[in-house]
Amino acid sequence: MASRTSPDNNSRQARIAEMRRAEQSRDRRNKALAITASVAVVAALVGFGAWVMIDKKEKKDAATAAAKAPVNGEQTWDAKTLGRNHVETPVKYPMNPPVGGDHSPRWMNCNGDVYKNAIPEVNAVHSLEHGAVWVTYSEKAAKGDVEALAGKVAKTPYTLMSPDKEQAGPIMLSAWGKQLTVDKADDPRVAQFFTKYVQGPQTPEPGAACTNGLAEK
């Protein structure tokens, strides 16, 4: 006798099949969405990484260009004519502030040191020999500019800062054999001078210490 399938059973099997098809469709859709999201995340990470690399390269290229470009308005002295002897006697320098010459055996601390009072030139010149940039200012400099420069120096190793009532310009930046006079702290040449001469190619003794020297009393 042939078996018979009831209409209710056929209907139930049809609903089960439909539910399976719907579930499979959802699985395929969810997988597609997951793949799309993963691809988007990977693309974003790759894009961000590429942007970071490009940004770093652009900054490096800009710094390299700034280090090579001449600083407009700077004065230069022939390094060969600047003495480098260690002396215990006073030295009369031909420029103020001095940018080189015979100097004390002890350097001024120049690890971002900001001095409130004038410092001995013979010790500061030794710091320049080690590759430091020395920022000095007169009473002509605005208080806000002095504060801005003090903040910049404090964050920059191989720099030091002190007042100098006798100098000609409001703000002067000195490195070994190099000097720049500016009126304002936001003059773009200030950043260029730092980039070019902090441990720059003019340094007679690159890498020499800027700590364990003479400090402000």
Side-chain angles (χ1 to χ4, degrees), residues 58-82 84 93-101 103 107-116 118-119 121-211 213:
E58 288 179 348
K59 288 180 178 179
K60 182 178 179 180
D61 291 346
T64 301
K68 292 181 179 179
V71 180
N72 186 37
E74 73 176 11
Q75 290 183 278
T76 300
W77 286 261
D78 184 355
K80 295 179 181 178
T81 66
L82 300 174
R84 289 181 54 199
Y93 296 104
M95 73 293 286
N96 182 51
V99 299
H103 49 269
W107 56 88
M108 290 299 302
N109 285 337
C110 46
N111 191 34
D113 293 87
V114 178
Y115 299 99
K116 295 181 180 179
I119 59 178
E121 293 179 335
V122 289
N123 302 101
V125 169
H126 196 155
S127 300
L128 301 186
E129 187 181 40
H130 290 189
V133 164
W134 180 19
V135 179
T136 52
Y137 59 95
S138 71
E139 295 175 345
K140 300 176 185 177
K143 181 180 178 181
D145 289 316
V146 173
E147 291 174 348
L149 287 168
K152 182 175 181 62
V153 167
K155 296 185 293 185
T156 310
Y158 284 95
T159 65
L160 67 163
M161 180 175 174
S162 65
D164 186 335
K165 294 182 179 180
E166 306 300 323
Q167 70 180 32
I171 300 167
M172 299 180 73
L173 287 73
S174 303
W176 189 269
K178 307 288 183 179
Q179 194 166 79
L180 175 69
T181 300
V182 297
D183 295 326
K184 307 290 291 182
D186 61 359
D187 189 312
R189 294 176 297 168
V190 172
Q192 186 184 4
F193 196 92
F194 270 58
T195 298
K196 191 174 181 69
Y197 295 124
V198 171
Q199 283 285 283
Q202 85 294 340
T203 305
E205 296 180 3
C210 247
T211 56

Q: What's the separation between atom OG1 in Thr156 and atom CG in Asp113, rounded to the nearest 0.5 Å?
A: 11.5 Å
Q: Check whether any side-chain heavy atom of Ile119 sits under 4.5 Å from a side-chain heavy atom of Leu160, and report yes or no.
A: yes
Q: Quick check: closest heavy atoms across Gly207 and Gln199, and the distance to 0.1 Å?
A: N-OE1, 2.8 Å
Q: Only pairs at least two apart or in different chains count here, so list each salt bridge (Lys or Arg N to Asp or Glu O under 4.0 Å) that has a residue in residues 145-158.
A: Asp145-Lys184
Q: Can you name the nearest heavy-atom pair linking Lys116 to Pro163, along with the distance?
A: O-CG, 3.4 Å
Q: Would you mind reporting whether Tyr93 and Val99 have side-chain heavy atoms less than 4.5 Å apart?
A: no
Q: Kindly assign one of parallel, tilted or perpendicular to the pair Trp107 and His126, based on the angle between their ring planes and the thresholds 30° and 60°.
A: perpendicular
Q: Run the numbers on Met172 and Asp164 for side chain to side chain contact (heavy atoms under 4.5 Å, CB included), then give the verdict.
A: CA-CA 9 Å; Met172 299 180 73; Asp164 186 335; over 6 Å; no
Q: Donor-acceptor check, side chain of Gln179 to backbone of Pro97, threshold 3.5 angstrom: yes or no?
A: yes
Q: Which pairs with one or both residues in residues 122-133 pass salt bridge (Lys or Arg N to Asp or Glu O under 4.0 Å), sequence neighbours excluded?
A: Arg84-Glu129
Q: Which atom names give the shortest non-hydrogen contact between Ala141 and Val146, and what distance separates them?
A: CB-CG2, 3.9 Å
Q: For Asp183 and Pro170, work out which heavy atoms get closest and say how close.
A: OD1-CG, 3.6 Å
Q: Return the CG to CG distance between Leu128 and Asn123, rounded to the nearest 0.5 Å.
A: 11.0 Å
Q: Look at the side chain of Glu166 and the backbone N and O of Ser138, then say whether any donor-acceptor pair between them is shorter than 3.5 Å.
A: no
Q: Evaluate the ring planes of His103 and Trp176, with Trp represented by its six-membered ring, and classify them as parallel (under 30°), tilted (30 to 60°) or perpendicular (over 60°).
A: perpendicular
Q: Once you round to the nearest 0.5 Å, how far does OG1 of Thr76 lie from CD of Glu74?
A: 4.0 Å
Q: Are Ile171 and Val190 packed together at the side-chain level, in the sense that at least one heavy-atom pair is separated by less than 4.5 angstrom?
A: no
Q: Any heavy-atom pair between the side chains of Thr159 and Met161 that's under 4.5 Å?
A: no
Q: Do Glu121 and Asn96 come close enough that some side-chain heavy atom pair is under 4.5 Å?
A: yes
Q: Any heavy-atom pair between the side chains of Tyr115 and Thr136 that's under 4.5 Å?
A: no
Q: In Å and rounded to the nearest 0.5 Å, what is the CG to CG distance from Leu173 to Leu149?
A: 7.0 Å
Q: To the nearest 0.5 Å, what is the distance between NZ (Lys140) and NZ (Lys165)?
A: 14.0 Å
Q: Do Cys110 and Trp134 make a side-chain contact, defined as non-hydrogen atoms from C-beta onward lying under 4.5 Å apart?
A: no
Q: Within the 4.5 Å heavy-atom criterion, are Val71 and Lys196 side-chain neighbours or not?
A: yes
Q: How long is the span from the OG atom in Ser174 to the CE atom in Met95, to the nearest 0.5 Å?
A: 9.0 Å
Q: Do you know which two heavy atoms are closest between Ala175 and Tyr197, and how far apart they sit?
A: CB-CB, 3.7 Å
Q: Heavy atoms only: give me the nearest Phe194-Val153 pair and the separation to one decimal.
A: CZ-CG2, 4.1 Å
